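Numbers restart at 1 for each chain; the letters A, B, ... are given by sequence-line order, proteins then strands. Everything numeric here is computed off the predicted structure, so don't read it as measured data.
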Protein chains: 2
Amino acid sequence: MAGTSFAEKTETRLDNAERLCAAHGSRLTDLRRQVLGLVLEAARPVGAYDLLDGLRADKKGAAPPTVYRALDFLLEEGLIHKIERLSAFVGCTHALDGSHTEAGHPHAAQFLICTGCGQVTELDDHGILHALIDATRHIGFTVRHSTVEAEGLCAACRDVATA
Amino acid sequence: MAGTSFAEKTETRLDNAERLCAAHGSRLTDLRRQVLGLVLEAARPVGAYDLLDGLRADKKGAAPPTVYRALDFLLEEGLIHKIERLSAFVGCTHALDGSHTEAGHPHAAQFLICTGCGQVTELDDHGILHALIDATRHIGFTVRHSTVEAEGLCAACRDVATA
DNA sequence: CAAAATACGTTATAATGTAACATATTTGAA
DNA sequence: TTCAAATATGTTACATTATAACGTATTTTG
């Protein structure tokens, strides 16, 4: 058990993640737990190579595939999301913080990227998903997965800009 | 005037693009026209390096910045879109085919990516955009630009899969 | 325990994108 | 028209993101 130790809040979420994995019959190994921890501790979306640097505090020679494999696993389990516009990763608040005992399987997910402070907020708005499904249904397209990312200003940064 | 020559339909769209640029006070140079032509002739989203290969038919030593600069221009003018999930580019049907005499400025744009055939369909559905704006308004987030990409199966590919 | 499956280590390289500076072309004002 | 400024392109080098391929270790299961 190597393991950077994380803040208590993070450990709680990691324990949640571990339960979700167990429920799926998959394993949140030490390595995966550590990568997830690094994602969760970041205030903002983190790139794979930043995570790699973080890992190397523990495991000196770590190489890209180590991180990417862990990320692939976490994505599959729905424990993190990838922000495509940033090539970066965030924890899934829905799966990790919610009182959702059910699996972290694909859910409506939208991301609000503040260009002021860099913070990303996750929404789980069904209205958006339904609007998308409605719009696609009549042309016969079946949505399997959707990416919705909005760039703009969060309330705090907008106020600063207007001041 | 070097110039791969393109199909007639493409030339028509390129002429449309040229008019739109003129209306903006910007210039669709030969190079930019050629890159846009290559995007339009592709049946599917094209990567920057595929475009580079296309360019090299004409201009042997062409280098990445040449393509990326042209792409940046075309994106700014709203003549093409980037599909983030694919790191690839498509022509903007709204700007190039529509009878829209107005500028190719940011508009509602959603992309349906068929994982069967690779084709991408552009929607311009206001319902989706409004759902997004509604969902963000009450938390004080101001949307400046949005990326909506759905993966799934188009009607044709779904029928094949079900057969 | 042994075989199979799963996870991880390691090396090398592919694919995507940009910084920085030089040259050429176009525009616009004197 | 001519030259200065702005814009566009050429060129070299490199940064960033991601994966292929193969070997080893660990875990699971019969």
Response to the item:
Between B:Ala63 and A:Pro64, the residue closer to the 5' end of DNA chain D by nearest nucleotide is B:Ala63
Worksheet item: In terms of the nearest nucleotide of DNA chain D, which residue is placed more toward the 5' end: A:Asp50 or B:Gly61?
Response: B:Gly61
Worksheet item: With no hydrogens and no angle check, is any side-chain donor or acceptor of B:Thr10 less than 3.5 Å from a backbone partner on B:Phe6?
Response: no
Item to complete: Please answer whether C:dT18 and B:Tyr68 are stacked, defined here as ring centres separated by less than 5.5 Å and planes angled under 30°.
Response: no
Discussion item. Of the listed nucleotides (D:dG10, D:dA18, C:dC8), which one gets closest to any side-chain atom of B:Arg69?
Written reply: D:dG10
Worksheet item: Of the candidate nucleotides C:dT18, D:dA8, C:dT16, which contains the atom at the shortest distance from the side chain of B:Ser87?
Response: C:dT16
Round to the nearest Å and state the distance from [X] atom [atom1] to [N] atom [atom2].
X	N	atom1	atom2	value
A:Arg27	C:dT6	CZ	C1'	6 Å
B:Arg32	C:dT25	CZ	P	15 Å
B:Tyr49	D:dA18	OH	C1'	14 Å
A:Leu51	D:dA18	CG	P	11 Å
B:Ile83	C:dG17	CD1	P	13 Å
B:Leu74	D:dT9	CG	P	10 Å
B:Arg85	C:dT16	CZ	P	15 Å
A:Phe89	D:dT17	CZ	C1'	9 Å

Discussion item. Just to be sure I understand the rule, does A:Lys82 reach a base, reach only the sugar-phosphate, or reach nothing, if contact means heavy atoms closer than 4.0 Å?
Written reply: sugar-phosphate
Discussion item. Considering every strand and a 4.0 Å limit on heavy-atom distances, what is the contact class for B:Thr66: base, sugar-phosphate, or nothing?
Written reply: base
Discussion item. Is any side-chain heavy atom of B:Ser26 closer than 4.5 Å to one of B:Leu20?
Written reply: no
Between the side chains of [Y] and [X], is the shortest nitrogen-to-carboxylate-oxygen separation below 4.0 Å, so that they form an ion pair?
X	Y	value
A:Glu84	B:Arg85	yes
A:Arg33	A:Asp15	yes
B:Arg137	B:Asp134	yes

Worksheet item: Relative to the 5' end of DNA chain C, which residue comes earlier, B:Leu86 or B:Pro65, by the nucleotide with the nearest heavy atom?
Response: B:Leu86
